[in-house]
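Structure, as structure tokens:
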Amino acid sequence: MTARRLVVAAAQLGPVQPEDGRERTVGRLIALLREAHRRGATFVVFPELALTTFFPRRFIEDERELDAFYESSVPGPDTRELFEAAAALGVAFYLGFAERVEEAGHVRRFNTSILVDERGAVVGRYRKVHLPGHADHEPWRPFQHLEKRYFDHGNLGFPVFDALGGTVGMCLCNDRRWPETFRVLGLRGAELVALGYNTPRHYPLAPEHDRLQDFHNHLCMQAGAYANGCWVVASAKAGIEDGCELIGGSCVIAPTGEIVAQAQGLGDEVVLADVDLERCREIRDNIFDFATHRRPGDYGPLSD
Ligand code: CDV
């Protein structure tokens with residue numbers, strides 16, 4: 001087996017408060033990027049909605065107030081410095097942000113991630129498919145989860161990209177709980193799946209699961225990695241943000257499903273691991289050799 005090795009980093013972010021400007025937050029991302037580079041990383045994964053607070057927790061009626069959380073171009077004036085710093089260091093990255101675009105004469109809003117290569121070029125884009133939460137204000141909740149109101153359903157499916165010397169897929173937060181996400185990426189040959197998340201400790205619909213949030217976070221990602229023989233690099237926004245507690249647990253998971261590196265705290269933290277993309281074959285040539293062992297003819301309900 002020839003090695004295809006790189007050092008990857010999950011760049012966990014502590015909370016981003018509503019009053020924090022983009023400049024301050026992007027400065028934190030650049031500091032994490034520099035630390036990851038100093039420690040040998042050539043690929044850095046930032047969280048979901050990494051440039052702002054997780055604003056779907058608030059009911060916002062004023063369109064202009066809401067618009068302030070979206071980017072109309074990335075790189076743009078607020079993010080150019082991050083792109084320049086990464087290109088100068090030769091570091092590729094994944095970044096999650098709220099995207100506002102005009103498509104066919106309509107304003108569309110997506111929960112988006114991009115893959116940026118080591119020269120600073122955007123080489124991949126993903127728009128969140130599984131949008132959790134609700135569309136209307138539900139005042140009984142201690143905080144809202146209005147992703148269904150503020151974002152359109154992602155319209156790009158689950159693409160994969162040639163990058164990092166292999167095949168890379170992306171997803172965002174709630175997507176990781178769905179085996180279908182990893183399976184589609186796995187069927188398309190993803191060897192590494194990058195993802196960012198914002199996961200509240202408290203789940204108002206089933207508070208008895210609050211104690212299980214960290215467990216479920218790792219359970220679904222470890223299962224996705226193992227069942228598809230791919231690496232997972234997962235980055236949280238963590239800590240007490242705008243009065244809401246977000247879990248941490250950013251990590252790197254091997255194709256065997258083992259967590260090989262994990263965040264220790266709930267603040268800004270770089271989580272590093274050595275990755276050999278060839279190790280995907282340990283799983284894909286054996287127990288989950290799709291061509292030999294999968295039985296799609298018996299999986300009809302999955303696509304009905
Ligand atoms: N940002 C998210 O997608 N959060 C969800 C919460 C609401 C359950 C998650 O799956 O972590």
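Since we're looking at a predicted model, the values are computed, not measured. Starting from 1, each residue takes its place in the sequence as its number. For the numbers below, each heavy atom of this structure counts, side chains included, while hydrogens, waters and symmetry mates do not.
One hydrophobic cluster, built from ILVMFWY side chains closer than 4.5 Å, cannot hold both I283 and V184; they sit in different ones. When the side chains of ILVMFWY residues are joined at heavy-atom separations under 4.5 Å, either directly or via intervening members, M170 and V252 end up in a single hydrophobic cluster. In this structure, Y94 is a member of the same hydrophobic cluster as V275, with clusters built from ILVMFWY side-chain heavy atoms closer than 4.5 Å. With hydrophobic clusters built from ILVMFWY side chains whose heavy atoms lie under 4.5 angstrom apart, V91 shares a cluster with V270. Hydrophobic clustering keeps I247 apart from L49 (ILVMFWY residues linked when any side-chain heavy atoms are closer than 4.5 Å, directly or through intermediates).
Counting heavy atoms from C-beta on, the side chains of E138 and H145 never come closer than 4.5 Å. Annotation: side chain of I60 is in contact with side chain of F69 (closest heavy-atom distance under 4.5 Å). For the pair I114 and V74, the minimum side-chain heavy-atom distance is below 4.5 Å. L187 is listed as a side-chain neighbour of R294, based on a closest heavy-atom distance under 4.5 Å. Here the side chains of R279 and T256 are in contact, with some heavy-atom distance below 4.5 Å. Counting heavy atoms from C-beta outward, R176 and V232 have side chains that stay 4.5 Å or more apart. Annotation: side chain of N228 is not in contact with side chain of L185 (no heavy-atom distance under 4.5 Å). A 4.5 Å side-chain heavy-atom check between T167 and L277 finds every atom pair outside the cut-off.
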Show the numbers, then the answer: is there a side chain to side chain contact (heavy atoms under 4.5 Å, CB included) between T199 and C173? CA-CA 8 Å; T199 296; C173 198; 3.7 Å; yes
Would you check, one step at a time, whether the test side chain to side chain contact (heavy atoms under 4.5 Å, CB included) holds for R58 with L146? CA-CA 7 Å; R58 290 213 174 241; L146 288 160; over 6 Å; no
Should T52 and R22 be marked as a side chain to side chain contact (heavy atoms under 4.5 Å, CB included) after you check the CA-CA gap, both sets of side-chain angles, and the distance that decides it? CA-CA 7 Å; T52 61; R22 297 280 201 290; 3.5 Å; yes
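Of the candidates D175, N174, T181, N174 is the only one forming a side-chain hydrogen bond (donor to acceptor under 3.5 Å, both in side chains) with W178.
Listed here is the closest heavy atom pair of F182 and C220: CE1-O, 4.2 Å. Between E269 and A263, the shortest heavy-atom distance links the atoms OE2-CA, 3.2 Å. For the pair G239 and P15, the tightest heavy-atom approach, listed with the atom from each and the gap, is CA-CD, 4.1 Å. Between Y126 and C171, the closest heavy-atom pair is CE2-CA, 3.6 Å. When all heavy atoms of C244 and R57 are compared, the closest pair comes out as CB-NE, 3.5 Å.
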Output a table of donor-acceptor pairs, distance under 3.5 Å, between side-chain atoms of residues 155-165 and any protein atom two or more places apart or on a different chain; print 'none' if there are none.
| residue | atom | partner | partner atom | Å |
| --- | --- | --- | --- | --- |
| N155 | OD1 | R127 | NH1 | 3.0 |
| N155 | ND2 | E103 | OE1 | 3.2 |

Would you list the atom pairs, donor with acceptor, under 3.5 Å between side chains in residues 30-47 and any protein atom, with sequence neighbours excluded?
| residue | atom | partner | partner atom | Å |
| --- | --- | --- | --- | --- |
| E35 | OE2 | R39 | NH1 | 2.8 |

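A distance of 10.0 Å separates OG1 of T79 from CG of L29, quoted to the nearest 0.5 Å. Separation of atoms CG (D304) and OH (Y299) is listed at 15.0 Å; rounding is to 0.5 Å. Taking CG from L13 and CG from L266, the interatomic distance works out to 12.5 Å, rounded to the nearest 0.5 Å. Between D20 atom CG and D242 atom CG the span is 10.5 Å, to the nearest 0.5 Å. The structure places CG of D210 at 11.0 Å from OH of Y203, a figure rounded to the nearest 0.5 Å. Taking CZ of R28 as the reference point, atom CG of D268 lies at 4.0 Å (rounded to 0.5 Å).
A 6.0 Å sphere centred on CD of E81 holds no more than 12 heavy atoms belonging to other residues, nucleotides or ligands. Within a 6.0 Å radius of CZ in R141, more than 12 heavy atoms belonging to other residues, nucleotides or ligands are found. Around the NE2 atom of H106, the shell of radius 6.0 Å holds no more than 12 heavy atoms that belong to other residues, nucleotides or ligands. At most 12 non-hydrogen atoms from other residues, nucleotides or ligands lie less than 6.0 angstrom from CD of Q264. For R5, the CZ atom sits in a loose shell: 12 or fewer heavy atoms of surrounding residues, nucleotides or ligands are nearer than 6.0 Å. The environment of CD1 in I287 is sparse: at most 12 heavy-atom neighbours from other residues, nucleotides or ligands sit within 6.0 Å.
Put simply, the side chain of Y197 gets close to the backbone of G248: a donor and an acceptor are under 3.5 Å apart. Proximity of a side-chain donor or acceptor of Q17 to a complementary backbone N or O of T53 within less than 3.5 Å is not detected. Here the side chain of N217 pairs no donor or acceptor atom with the backbone of Q213 at under 3.5 angstrom. In terms of modelled atom types and a separation under 3.5 Å, the side chain of N111 and the main chain of A98 share no donor-acceptor contact. Looking only at distances, a side-chain donor or acceptor of E241 sits under 3.5 Å from a matching main-chain atom of V16. Counting only distance, with no hydrogens or angles, the side chain of Q222 and the backbone of G257 share a donor-acceptor pair below 3.5 Å. Here the side chain of W231 pairs a donor or acceptor atom with the backbone of D276 at under 3.5 angstrom.
Note: F288 and Y226 have perpendicular aromatic rings, judged against thresholds of 30 and 60 degrees for the angle between ring planes. Between F93 and F83, the angle of the ring planes goes over 60°, which puts this pair in the perpendicular group of the 30/60° scheme.
A salt bridge does not link D136 with K148: every distance from a Lys NZ or Arg NE/NH1/NH2 to an Asp or Glu carboxylate oxygen is 4.0 Å or more. Under 4.0 Å is where a charged nitrogen must lie from a carboxylate oxygen, and between R109 and D67 at least one such pair does.
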